[in-house]
2 protein chains.
Amino acid sequence: MNISSLDVRAGACSRCDIRDRAICGAMSMEELVALRRISHTRKFDAGSTILVAEEPATFFANVVSGVVKLNQVSSDGRQQIVGLLFPSDFLGRAFVRSNPYFAQAATDVVACVYRYDSFEKLLRDHPALEHRLFERTLNDLDAARDWMFVLGRKKAREKVASFLHLIASRYAALDAGCKEHPSETNHARFTLPLSRSDIADFLGLTIETVSRQLTHLKNDGVIHLLSTHDILVPDLRRLEGGSQGKHQAVA
Amino acid sequence: MNISSLDVRAGACSRCDIRDRAICGAMSMEELVALRRISHTRKFDAGSTILVAEEPATFFANVVSGVVKLNQVSSDGRQQIVGLLFPSDFLGRAFVRSNPYFAQAATDVVACVYRYDSFEKLLRDHPALEHRLFERTLNDLDAARDWMFVLGRKKAREKVASFLHLIASRYAALDAGCKEHPSETNHARFTLPLSRSDIADFLGLTIETVSRQLTHLKNDGVIHLLSTHDILVPDLRRLEGGSQGKHQAVA
DNA sequence: CGCACATTTGATATATGTCAATTTAGGTGG
DNA sequence: CCACCTAAATTGACATATATCAAATGTGCG
């Protein structure tokens, strides 16, 4: 079996937008073929549930487009979003069959889905794949801990600013992956993938507070609201500065 | 080289209290010898800094006794504890030389310390070790996300209750590891490893609020304060119930 | 065009933070 | 061993950020 025939069998993967950023990026052509054999594309409508908490998961997935939220829900109805997954992010908890959180499509989502058992087997057989997943998990852990600071120590205005900064950064990273320009611009324009309600659940606030802080940021000229979900940030540094964040310039 | 001579060279590891719970637990006698060669025991006084944030780490470590706090500090002095390490927990961020958080001894700490480069090499050579570390990282991630719910959605009283419950659970787990009784008791007694100030930084509160909530819990009979740092919990379920937590009994 | 839903805005309540004063505890030296 | 001294913890009075409740406005969809 030669390289070109493998390339054909790897099929769409070779042309996948997110391939080099996702876990599949580390894989050899052979491995990619194996991965593709156990995968298929699947769409989820905005708002639909992808994985139910505390129930045996039936698959792992890579987000191809759209945004997935990981939701922690208490019995009395309180919600906290504990993670956001963007294109190229990995969804699923290895080595434990039961999924710890509700995974829900925040927007329309396209995902590359892997059957659970097959993927775990692949993980055992291909240390490079497990290693790649490990590195992602470490990044997820860092991100979660960074967010703990936001939740525990930032004020409402700073929380909202941090959220906007996060969205801008993630989208910028995606663009950087596609186009070949470093894009060290200080402005950003994007469409919010979350509703006010979701933002509130991500920041540990209420809808009303989120809405108020957005109008404050708008009135201060830190952001422009092109429409409810379309935001223009003229100067990203003002978002960080206004958010009194971790890496604020020393006075 | 026979087993018994290996056993001798593994030395103290064979008798280590936390061995079967720490990453070393998965290792063969051969691997243990290799690990021991690059390790040594080190003590840290309460309050001393173990690893500085944003600086190249020089070692990894296993906590043998005491408690380590991982602190996230902003330039304007706000602090958030993003992780607590108990005996058998692993300290250090693999694959990235710079350490993301301040690691500080909350109590007097004894740790089993590994030279950075040597440990990374060991990691490359022993997939089982990396796998074990991966599983721990996944658990850390789950713990961090669970705590995000506490920080974002729980009230002060519930936060304090959650904290006490966490401490009780961790200590119970340690005891279970030592003695051979399942200890499904509903009461607990323990010494707080953190000052009120640390607890506040862990819960995203102020010292005063922590103190007030502790006296409320005391007045309600949920806890008894034997001394400032010694706590008796007559019924652990009341801690969870009173904390309005995730797994509250449905009314 | 109109309905349902999301978002904004306003008025008020309340939990937690802030500031300040005691009380308690722990550690050191006489 | 006790007394003192400092830091930690508690308690109180008050300020304020955010939640709650309620209404109005805006938006997308059939």
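Being a predicted model, the structure only gives us computed values, none of them experimental. The sequence lines fix the lettering, A, B, ..., with proteins before strands; numbering per chain opens at 1.
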Student: Please give, in whole Å, the distance from dT18(D) P to His216(A) NE2?
Tutor: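 Spelled out: NE2 on His216(A) to P on dT18(D) is 11 Å.
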Student: Under a plain distance cut-off of 3.5 Å, with no hydrogens placed, do Asp146(A) and Gln72(B) share a side-chain donor-acceptor pair?
Tutor: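 Yes, a side-chain donor-acceptor pair sits under 3.5 Å.
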Student: Is there a donor-acceptor contact under 3.5 Å from the side chain of Tyr101(B) to the main chain of Glu54(B)?
Tutor: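 Such a contact is absent between Tyr101(B) side chain and Glu54(B) backbone.
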Student: Do side-chain atoms of Ser162(B) reach the backbone of Glu158(B) as a donor and acceptor pair under 3.5 angstrom?
Tutor: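 Flag set: sc Ser162(B) to bb Glu158(B) pair under 3.5 Å.
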Student: Within a reach of under 6.0 Å around CZ of Arg93(A), are more than 12 heavy atoms found that belong to other residues, nucleotides or ligands?
Tutor: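 Yes, because the 6.0 Å sphere around CZ of Arg93(A) holds more than 12 heavy atoms from other groups.
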Student: Whole Å only: how far is the CG atom of Asp108(B) from the P atom of dG26(C)?
Tutor: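 Rounded to the whole Å, the gap is 15 Å.
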Student: To the nearest Å, how far apart are Asp230(B) CG and dA8(D) C1'?
Tutor: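 One finds 15 Å between C1' of dA8(D) and CG of Asp230(B), rounded.
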Student: Could you go step by step and tell me if Arg189(A) and Asp230(A) meet the salt bridge (charged side-chain N to carboxylate O under 4.0 Å, His left out) rule?
Tutor: CA-CA 7 Å; Arg189(A) 186 190 161 154; Asp230(A) 289 312; 5.6 Å; no
Student: Measure CG/Leu192(B) against P/dA8(D) and give the value in whole Å, please.
Tutor: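 Leu192(B) atom CG is separated from dA8(D) atom P by 16 Å.
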Student: Do nucleotides 1-17 of chain C as a string where each nucleotide becomes B, S or -: B if the base has a protein heavy atom under 4.0 Å, S if just the sugar-phosphate does, - if no protein is that close.
Tutor: ------SBBBB----SS
Student: So, Asp220(A) side chain and Leu217(A) main chain: donor-acceptor pair closer than 3.5 Å or not?
Tutor: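 Absent.
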